[in-house]
Colleague: 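Have a look at the structure that comes next, please.
Since we're looking at a predicted model, the values are computed, not measured. All values below come from the heavy atoms of this structure, side chains included, with hydrogens, waters and symmetry mates left out.
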Amino acid sequence: MNPEFDTIGRQFVDFYYNMFDQNRAGLTALYKDTSMMTFEGVQLQGPQAIMQKLTGLPFQKVQHVITTCDCQPMPDGGILVMVVGQLKTDDDPPHGFSQTFVLKFDANTPPGSWFIFHDIFRLNVHHA
């Protein structure tokens, strides 16, 4: 297990949401061909499909406010990251969201880097 899991996970969260809020297209390098995303129940695989979804979202301005970030090491050296926060888009009221990532280390990318292996996103909306 990676002893730096919490530091790496929190640094990833800061980077991911800052990039998402400023330049969503800049997230492309974080996804590989094996990466999977479930966005509000829709499953996507690979950077092209994932980025098409993220860059095609129907808002111009976005701001994520992180409430909590919990990280756990995985036996294979990966990192499980769970994020809860609020999402503010354009002039809409804020919505709660939760997002879970599995990060994997890619030793084949000099000098080595982390990428998103799994990504699950949900708005926290209760349907009565």
Colleague: For the NE2 atom of His118 and the CE atom of Met37, what is their distance to the nearest 0.5 Å?
Modeller: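 Here the interatomic distance stands at 13.0 Å.
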
Colleague: So Leu80 and Phe5, do their side chains get closer than 4.5 Å, heavy atoms only?
Modeller: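 No, side chains not in contact.
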
Colleague: Should Trp114 and Val13 be regarded as members of a common hydrophobic cluster, given that ILVMFWY residues are connected when their side-chain heavy atoms come within less than 4.5 Å of each other, either directly or indirectly?
Modeller: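 Yes: a chain of side-chain contacts under 4.5 Å links Trp114 to Val13.
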
Colleague: Take Gln22 and Tyr17, measure what side chain to side chain donor-acceptor pair (under 3.5 Å) needs, and give me the verdict at the end.
Modeller: CA-CA 8 Å; Gln22 296 172 19; Tyr17 291 110; over 6 Å; no

Colleague: Could you measure the distance from the CD1 atom of Ile79 to the CD atom of Glu4? Nearest 0.5 Å is fine.
Modeller: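 Taking CD1 in Ile79 and CD in Glu4, the distance rounds to 9.0 Å.
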
Colleague: Distance from Phe12 atom CZ to Thr7 atom OG1, nearest 0.5 Å?
Modeller: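 These two atoms lie 15.0 Å from each other.
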
Colleague: With a 4.5 Å cut-off on side-chain heavy-atom distances among I, L, V, M, F, W and Y, is there a chain of contacts connecting Ile120 to Met51?
Modeller: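 No, no single cluster joins them.
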
Colleague: Salt-bridged, Lys88 to Asp92, with N to O below 4.0 Å?
Modeller: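 Salt bridge absent between Lys88 and Asp92.
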
Colleague: Would you find a donor on one side and an acceptor on the other, under 3.5 Å apart, between the side chain of Lys53 and the backbone of Leu57?
Modeller: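 Answer holds: no.
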
Colleague: Side-chain heavy atoms nearer than 4.5 Å, only ILVMFWY residues, links allowed to pass through others: does that put Val65 and Val62 together?
Modeller: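 No; tracing contacts between hydrophobic side chains, which count when under 4.5 Å, never links both residues.
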
Colleague: Side-chain heavy atoms nearer than 4.5 Å, only ILVMFWY residues, links allowed to pass through others: does that put Phe101 and Ile66 together?
Modeller: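 Same cluster: Phe101 reaches Ile66 through Ile, Leu, Val, Met, Phe, Trp or Tyr contacts under 4.5 Å.
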
Colleague: Is it the case that more than 12 heavy atoms not belonging to Asp91 sit under 6.0 Å from its CG atom?
Modeller: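 No, not enclosed.
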
Colleague: Locate the shortest heavy-atom distance separating Asp90 from Pro58; write the atom from each residue and the value.
Modeller: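 That closest heavy-atom pairing would be OD2-O, 4.1 Å.
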
Colleague: Heavy-atom count check: over 12 atoms from other residues, nucleotides or ligands less than 6.0 Å from Glu40 CD?
Modeller: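 Buried by this count: over 12 neighbours within 6.0 Å.
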
Colleague: Taking all non-hydrogen atoms of both residues into account, name the closest pair between Met74 and Val102 and its distance.
Modeller: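 The answer is SD-CG1, 3.7 Å.
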
Colleague: Say whether, by atom type as modelled, one donor and one acceptor occur between the side chain of Arg10 and the main chain of Cys69 under 3.5 angstrom.
Modeller: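 Between the backbone of Cys69 and the side chain of Arg10 there is a qualifying donor-acceptor contact (under 3.5 Å).
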
Colleague: Does Phe105 reach the side chain of Asp76, with side-chain heavy atoms less than 4.5 Å apart?
Modeller: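 The answer is no; the side chains never approach within 4.5 Å.
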
Colleague: Answer with yes or no whether the hydrophobic clustering places Leu30 together with Phe117; edges join I, L, V, M, F, W, Y residues whose side-chain heavy atoms lie under 4.5 Å apart.
Modeller: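 Unlinked, Leu30 and Phe117 end up in two clusters.
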
Colleague: May I ask you to check whether Tyr16 and His64 place their ring centers less than 6.0 Å from one another?
Modeller: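 Ring centres of His64 and Tyr16 not closer than 6.0 Å.
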
Colleague: With distance as the sole test, does Asn18 use its side chain to make a donor-acceptor pair with the main-chain N or O of Asp14 at under 3.5 Å?
Modeller: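 Confirmed, Asn18 side chain pairs with Asp14 backbone.
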
Colleague: Which pair of non-hydrogen atoms, one from Leu87 and one from Leu123, has the smallest distance, and what is that distance?
Modeller: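 Reported closest heavy-atom pair: CD2-CD2, 3.9 Å.
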
Colleague: Please assess Leu54 against Leu27 for the test side-chain contact (heavy atoms from CB on, under 4.5 Å), listing each intermediate value before the final yes or no.
Modeller: CA-CA 9 Å; Leu54 295 181; Leu27 296 172; 4.2 Å; yes

Colleague: Which residues end up grouped with Met36 if you chain together Ile, Leu, Val, Met, Phe, Trp and Tyr wherever their side-chain heavy atoms are less than 4.5 Å apart?
Modeller: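 Other cluster members: none.
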
Colleague: Under 3.5 Å, side chain of Ser35 to main-chain N/O of Ile116, donor-acceptor pair present?
Modeller: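 Checked: pair present.
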
Colleague: Return the CG to CZ distance between Asp119 and Phe39, rounded to the nearest 0.5 Å.
Modeller: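 Interatomic distance, Asp119 CG to Phe39 CZ, rounded to 0.5 Å: 9.0 Å.
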
Colleague: Look at atom CD of Gln45 and say whether more than 12 heavy atoms of other residues, nucleotides or ligands are closer to it than 6.0 Å.
Modeller: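 Yes, because the 6.0 Å sphere around CD of Gln45 holds more than 12 heavy atoms from other groups.
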
Colleague: Could you go step by step and tell me if Tyr31 and Phe115 meet the ring pair (Phe, Tyr, Trp, His ring centres under 6.0 Å) rule?
Modeller: CA-CA 6 Å; Tyr31 295 97; Phe115 72 98; 9.2 Å; no

Colleague: Is Asp70 reaching over with its side chain to a backbone N or O of Met82, donor-acceptor style, under 3.5 angstrom?
Modeller: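 No, Asp70 side chain to Met82 backbone: no donor-acceptor pair under 3.5 Å.
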
Colleague: Assess the residue pair Gln48 and Ile50 against the criterion (side-chain contact (heavy atoms from CB on, under 4.5 Å)); give the C-alpha distance rounded to whole Å, side-chain angles, the decisive distance to 0.1 Å, and a yes or no.
Modeller: CA-CA 6 Å; Gln48 184 176 352; Ile50 293 168; over 6 Å; no

Colleague: So, taking the atom named SG in Cys71 and the one named CG in Asp6, what distance separates them when rounded to the nearest 0.5 Å?
Modeller: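 Rounded to the nearest 0.5 Å, the SG-CG separation comes to 5.0 Å.
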
Colleague: Any idea which heavy atoms bring Pro47 and Lys32 closest together, and the distance?
Modeller: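 Heavy-atom minimum between the residues: CD-O, 3.2 Å.
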
Colleague: When you measure from the side chain of Arg122 to the backbone of Ser98, do you find a donor-acceptor pair of N or O atoms at a distance under 3.5 Å?
Modeller: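 No; judged by distance alone, with no hydrogens or angles, the pair does not exist.
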
